[in-house]
Amino acid sequence: MNEVGLVHYQVLSAFVFACGLICILSKRNAIGILMGVELILNASNINFVASAKYDSKMAIEGPVFALIVIVLAAAEAAVALAIILNFYNNHQTIDVDRAEELKG
């Protein structure tokens, strides 16, 4: 019988992280980039929860860190969507290459 171990979760997390990174690097659309960031944050959550399951030292910390990441991801998505909507209202596009004026 095949058991799912920590390595399986880490491989899944690495795959989700790679998908998010590819999404960020290949998209010119701000919504696509935001989705890539969410994939990367979910990859970290997979690692936190899997570590909590297989390592007794992380039994409490893993889910707490995952919850913190979920809250941060929600806040990040809200702020990013507000910026994207404001940029779209002013320029009628969400192409990040045309966002020269957002540079500090």
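Model, not experiment: these values are computed from the prediction. All values below were derived from every heavy atom in this structure, side-chain atoms included, with hydrogens, water molecules and symmetry-related copies excluded.
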Indicate if I94 and I33 have the same hydrophobic cluster label, given that clusters are the connected sets of ILVMFWY residues with side-chain heavy-atom separations under 4.5 angstrom.
no
Establish whether I40 and V37 are linked, either directly or via other cluster members, by ILVMFWY side-chain heavy-atom contacts under 4.5 Å.
yes
Exercise for the section: Taking the side chain as every heavy atom from C-beta outward, state whether L34 and L81 have any atom pair closer than 4.5 Å. Expected result: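 Yes; the side chains approach each other to less than 4.5 Å.
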Please list every donor-acceptor pair under 3.5 Å in which a side-chain atom of residues 53-70 meets a protein atom from a residue at least two apart or in another chain.
from: Y54; atom 1: OH; to: V4; atom 2: O; distance (Å): 2.4
from: D55; atom 1: OD1; to: K57; atom 2: N; distance (Å): 3.3

Residue pairs passing the side-chain hydrogen bond (donor to acceptor under 3.5 Å, both in side chains) test with at least one member in residues 34-46, sequence neighbours excluded, are none
Anything under 3.5 Å between a donor and an acceptor, one on a side chain of residues 9-29, the other on a protein residue two or more places apart or in another chain? List them.
from: S13; atom 1: OG; to: A43; atom 2: O; distance (Å): 2.7
from: S13; atom 1: OG; to: N47; atom 2: ND2; distance (Å): 3.2
from: S26; atom 1: OG; to: I22; atom 2: O; distance (Å): 2.8
from: R28; atom 1: NE; to: D97; atom 2: OD2; distance (Å): 2.8
from: R28; atom 1: NH2; to: D95; atom 2: OD2; distance (Å): 3.1
from: R28; atom 1: NH2; to: D97; atom 2: OD2; distance (Å): 3.2
from: N29; atom 1: OD1; to: I31; atom 2: N; distance (Å): 2.8

